[in-house]
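Reviewing the structure listed below.
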2 protein chains.
Amino acid sequence: MTSPETTPAFDLEDFLPYRLSVVTNRVSRAFASRYEAAWGLSIPEWRVLAVVGAFAPLSAAAVCERTAMDKVKVSRAVARLVRRGLLTRRRDAGDHRVRLLALGDEGRRVYAGIVPLALAIDAALTGALSQRERSGLLQALDKLDACVADLDDTPPA
Amino acid sequence: MTSPETTPAFDLEDFLPYRLSVVTNRVSRAFASRYEAAWGLSIPEWRVLAVVGAFAPLSAAAVCERTAMDKVKVSRAVARLVRRGLLTRRRDAGDHRVRLLALGDEGRRVYAGIVPLALAIDAALTGALSQRERSGLLQALDKLDACVADLDDTPPA
DNA sequence: CCGCTATAGTTGCAGATGAAACTAAATCTC
DNA sequence: GAGATTTAGTTTCATCTGCAACTATAGCGG
């Protein structure tokens, strides 16, 4: 189909990684600006707060697993949240390498604020989609996720 | 529905911006590592090369529009590509502010290599999805995109 | 024409990022 | 139970990023 010197046609708009990246960045920015404006939280901070609020007490490593962020990012987000008094940190009695995270008083207050906003944002986004579309989207994302894991093992061409 | 002190349940895994972000980052990383390994190209550089290859000659501003990257990012990507000899830059005869971009000889060679890899990657990802799912996914992304634009105008809550 | 505003593109700066080195504590091995 | 290995988390460094300031050119109004 392609002679040696003819490069096949290629449209960025139709390239999945590109579309994914553009839309995701727009969503993230819109999302981040609200949390930044209301509570001065970055996305990594927001995520840490969300999982600590839901699963405390837990270790930084556990936060990594649940948020899919690397440990450096988590470490820095935690450090700032502790400095701001939103999170408390205590050494695990059994394993002194581990530092268990939990919400402080202020953290509880903020958590109670961020969850409703998250639900509202999700609802607004989901509002653009039918229930079918939403679950189809989530499902497609799961499949892509699995596929990428394979890709990493089996480089193409 | 929620008494004053009860924060509603919230699962990150089900939160659209989060899922989007995690999957996209994984896809981008997998994607970027290939182009980095094979040609030493970053994602911004890759994108610039892709649109210049398809639409040359064009201005940096035109590249911005087509890639959805901001002008600083484009400027820096272009600078590096020019330094490496992949891109040529000449002032527009009619408007001396504009610098028209085109592929250099080496750029043409690289372009001929990156497009097939892009098609292969897209095919691999799409392979995880049925044709239906793929178009559903792209369509859902378009809707989200439109929705985010609205969101920015009408802050919720 | 002359000054005012707008546009193309670059650069400076301050904050975010990830890889790799590092510290401290636990665990395994002989 | 002393040394080697692994694991939790932090720090360092080099790079990337975006905003805002800047330069250069164009176009507009009088």
Side-chain angles (χ1 to χ4, degrees), chain A residues 21-22 24-26 28-33 35-37 40-48 51-52 57-84 87-102 152, chain B residues 21-22 24-26 28-33 35-37 40-48 51-52 57-84 87-102 152:
Chain A
S21 160
V22 168
T24 298
N25 285 339
R26 291 213 178 112
S28 288
R29 253 198 301 280
F31 169 78
S33 67
Y35 282 93
E36 170 56 41
L41 293 171
S42 69
I43 289 184
E45 286 158 12
W46 182 92
R47 284 191 189 164
V48 169
V51 310
V52 174
L58 80 177
S59 68
V63 172
C64 290
E65 274 175 42
R66 289 195 178 274
T67 59
M69 301 194 291
D70 79 296
K71 62 184 185 165
V72 177
K73 222 180 201 172
V74 169
S75 173
R76 290 196 260 238
V78 166
R80 223 165 336 158
L81 292 171
V82 169
R83 234 177 290 131
R84 286 183 52 187
L87 247 51
T88 63
R89 195 160 42 172
R90 68 169 203 278
R91 294 212 177 264
D92 181 273
D95 185 338
H96 274 212
R97 292 169 305 180
V98 172
R99 317 186 63 164
L100 294 172
L101 306 168
D152 280 338
Chain B
S21 159
V22 169
T24 298
N25 285 340
R26 290 210 179 113
S28 288
R29 252 197 301 279
F31 170 76
S33 67
Y35 282 94
E36 169 57 41
L41 294 172
S42 69
I43 290 182
E45 286 159 11
W46 183 90
R47 284 190 190 166
V48 169
V51 310
V52 173
L58 81 177
S59 69
V63 172
C64 290
E65 274 174 42
R66 290 196 178 272
T67 59
M69 302 194 292
D70 78 295
K71 63 183 184 167
V72 177
K73 221 179 201 172
V74 169
S75 172
R76 289 195 259 239
V78 166
R80 224 167 332 161
L81 291 171
V82 169
R83 234 177 290 130
R84 286 183 52 185
L87 247 50
T88 62
R89 195 159 43 171
R90 68 170 203 277
R91 294 214 176 262
D92 181 272
D95 184 339
H96 275 212
R97 293 169 306 179
V98 172
R99 318 185 65 165
L100 294 172
L101 305 168
D152 281 337

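Lettering of chains follows the sequences in order, A, B, ..., and the numbering in each one begins at 1. Worth saying up front: this structure is predicted, and the values here are computed from it rather than measured.
Whole-Å rounding puts the A:R76 CZ to D:dC13 P distance at 13 Å. A straight line from NZ of A:K73 to C1' of D:dT10 spans 17 Å, rounded to a whole angstrom. Between the C1' atom of D:dT12 and the CG atom of A:D70 lies a distance of 15 Å, rounded to the nearest Å. Distance B:N25 CG to D:dT17 C1': 15 Å, rounded to the nearest Å. We find that CD of B:E65 is positioned 13 Å from C1' of C:dT7, with the value rounded to whole Å. Taking atom CG on A:D95 and atom P on D:dT7, their separation rounds to 12 Å, with Å as the unit. Rounded to an integer number of Å, the gap from B:L101 CG to C:dG9 P is 7 Å. Computed from coordinates, the B:R97 CZ to D:dT25 C1' distance equals 6 Å when rounded to whole Å.
Checked against C:dA16, C:dT10, D:dC16, the side chain of B:R99 finds its nearest nucleotide in C:dT10. Comparing D:dG9, D:dA20, D:dT25 by their nearest atom to the side chain of B:V72 picks out D:dA20. Of the candidate nucleotides C:dT10, D:dG9, C:dA26, C:dT10 has the atom lying nearest to any side-chain atom of B:K71.
When the nearest nucleotides of DNA chain C are assigned to A:G94 and B:S59 by heavy-atom distance, the more 5′-ward of the two goes with B:S59.
Residue B:S75 places no side-chain N or O under 4.0 Å from the OP1 or OP2 atom of C:dG9.
Looking at residues two or more places apart in sequence or on another chain, you find no side-chain hydrogen bond (donor to acceptor under 3.5 Å, both in side chains) involving B:R89.
At a threshold of 4.0 angstrom between heavy atoms, the contacts of A:S42 with the nucleic acid are absent. Backbone-only contact: A:R89 has heavy atoms under 4.0 Å from sugar-phosphate atoms and none from a base.
Annotation: side chain of A:T67 is not in contact with side chain of A:V48 (no heavy-atom distance under 4.5 Å).
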